[in-house]
Protein chains: 2
Amino acid sequence: MASSCRFAFAVHVLAVLALKRESGGVCSDLLAGSVNTNPVIIRRLLTRLRHAGLITTQKGSCGGATLVAAPEDIRLDVIYRAVETGVPFAQHPQQPNKRCPVGAGIERVLDEVFASAQSALESALARRTLADVLAAMAAEKAPRRSAARPTKRKAA
Amino acid sequence: MASSCRFAFAVHVLAVLALKRESGGVCSDLLAGSVNTNPVIIRRLLTRLRHAGLITTQKGSCGGATLVAAPEDIRLDVIYRAVETGVPFAQHPQQPNKRCPVGAGIERVLDEVFASAQSALESALARRTLADVLAAMAAEKAPRRSAARPTKRKAA
DNA sequence: ACAACTGTAACCTCCGTAGTTACATAACCG
DNA sequence: CGGTTATGTAACTACGGAGGTTACAGTTGT
């Protein structure tokens, strides 16, 4: 299963936009610098996010992308559907042999199985919002207990 | 997301083996005929299924593949993990910019999000067994009501 | 006019997958 | 024993989707 990193990029970009909200549009070069990729990759991503109604973009000087809704109102499944094209499963590339009792009916059964798995995946994503992602990142930086400092314990 | 059809092939093959249980091994040529692909594709699949303990194979004349357990005891998530290598999501191919507050922490947050989505997907698959697939195929052929006969209603 | 942006086309490279051919190996049968 | 029927794998091709890159037309604010 060859996966794409578009979903990861999208969450990353939207998280930056959430932090830079109220400070005007963010240009693709800046976002590309944070994601560490090419600005065109970001712009292609922004186009999809704009079509999904998650952001607005503005051309021209001092333009850029802006988050439309509050991070609490952006569920991750919406981001997923906005940027991910295919499905994690694929059917038979060639039609199976219909003279075999299995080949005759397997495709419709698999369609249903795939749909329910896909639905479960999206439901899991729907349980989190962009605000949850931001909170998790903040919690990483400032753990409530001072335990589990990974390295640099020399000056204890 | 470029998906693979290995899972579809695997369910198909195991369904055939379930139907042909008690009648000895099934050879890869026969399975390839039902799936409508090359026998080598089937053999590569059978190797994975054998490593997962789902089937046994026997070389030589009148050899072939045999289902080990009862179809009721084979959950689809086990098949999924047996044949599918990658995950539906991918992280940043290049490490994000750690000087950006988002780039510094996004990967670990996404790891957790991906894991929960993956877990939800596999749980959905785990709710079905190979026997359920066989039952669904049988139900397709013989609907409990005589409604919805697709074509050939001429001789009513 | 100029500079700073987006939007998009065109192209490249890389990688995973299905498909194909070929062949070594193993089991069964006469 | 030798022949037949299988699996198990290696080696190769073709194809498609992905990220990446360059280039450029269009748009907006100063």
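Chain A is the first sequence line, chain B the second, and so forth, proteins listed ahead of strands; every chain is numbered from 1.
For the pair A:Gln94 and C:dA18, the criterion of a side-chain N or O lying under 4.0 Å from OP1 or OP2 is not met. Contact annotation: B:Ser4 does not reach the phosphate of C:dT17 (side-chain N/O to OP1 or OP2, under 4.0 Å). Distances shown here put every side-chain N or O of B:Ser28 at or beyond 4.0 Å from the OP1 or OP2 atom of D:dT5. Regarding contacts with the backbone of C:dA18, a side-chain N or O of B:Arg6 is found under 4.0 angstrom from either OP1 or OP2. Residue B:Thr57 places at least one side-chain N or O closer than 4.0 Å to OP1 or OP2 of D:dG8.
No side-chain donor-acceptor contact under 3.5 Å links B:Ser34 to the backbone of B:Leu31. Side-chain N or O atoms of B:Arg6 include none that pairs as donor or acceptor with a backbone N or O of B:Glu84 at under 3.5 Å.
When the P atom of C:dT6 is taken as reference, atom CG of A:Leu49 falls 14 Å away, rounded to whole Å. Remark: P of C:dA4 and CG of A:Asp29 are 11 Å apart, rounded to the nearest angstrom. B:Ile42 places its CD1 atom 13 Å from the C1' atom of D:dT7, with the value rounded to the nearest Å. If you measure from atom CG of B:Asn36 to atom C1' of C:dG19, you get 12 Å, rounded to the nearest angstrom. Distance A:Gln95 CD to C:dA18 P: 18 Å, rounded to the nearest Å. D:dA6 atom P lies 16 Å from atom CD1 of B:Ile55, rounded to whole Å. Atom CG in B:Leu45 sits about 15 Å away from atom C1' in D:dT9, given to the nearest Å. Whole-Å rounding puts the B:Arg50 CZ to D:dG8 C1' distance at 8 Å.
Between the side chains of A:Asn36 and B:Gln95, no donor-acceptor pair of N or O atoms lies under 3.5 Å.
Annotation: B:Arg108, atom CZ; neighbour count of heavy atoms from other residues, nucleotides and ligands within 6.0 Å does not exceed 12.
Between A:Arg75 and A:Glu122, none of the side-chain N atoms (NZ, or NE/NH1/NH2) sits under 4.0 Å from a carboxylate O, so this pair counts as no salt bridge.
Between B:His51 and A:Ile41, the residue whose closest nucleotide on DNA chain D is further toward the 5' end is B:His51. Of the residues near DNA chain D, A:Arg48 and B:Gly63, the one whose nearest nucleotide (by heavy atom distance) lies more toward the 5' end is B:Gly63.
Both A:Ile74 and A:Met137 sit in one connected hydrophobic cluster of ILVMFWY residues. Membership requires side-chain heavy atoms under 4.5 Å apart, directly or through other members.
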Counting primed atoms, P, OP1 and OP2 as sugar-phosphate and everything else as base, the B/S/- map of nucleotides 21-30 of chain C against protein heavy atoms under 4.0 Å is BB---BBS--
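Residue B:Arg44 is in base contact, counting any heavy-atom pair closer than 4.0 Å across all strands shown. As judged by a 4.0 angstrom heavy-atom cut-off over every strand, A:Gly64 is placed among residues touching the sugar-phosphate backbone only.
Between A:Phe89 and A:Phe114, the angle of the ring planes stays under 30°, which puts this pair in the parallel group of the 30/60° scheme.
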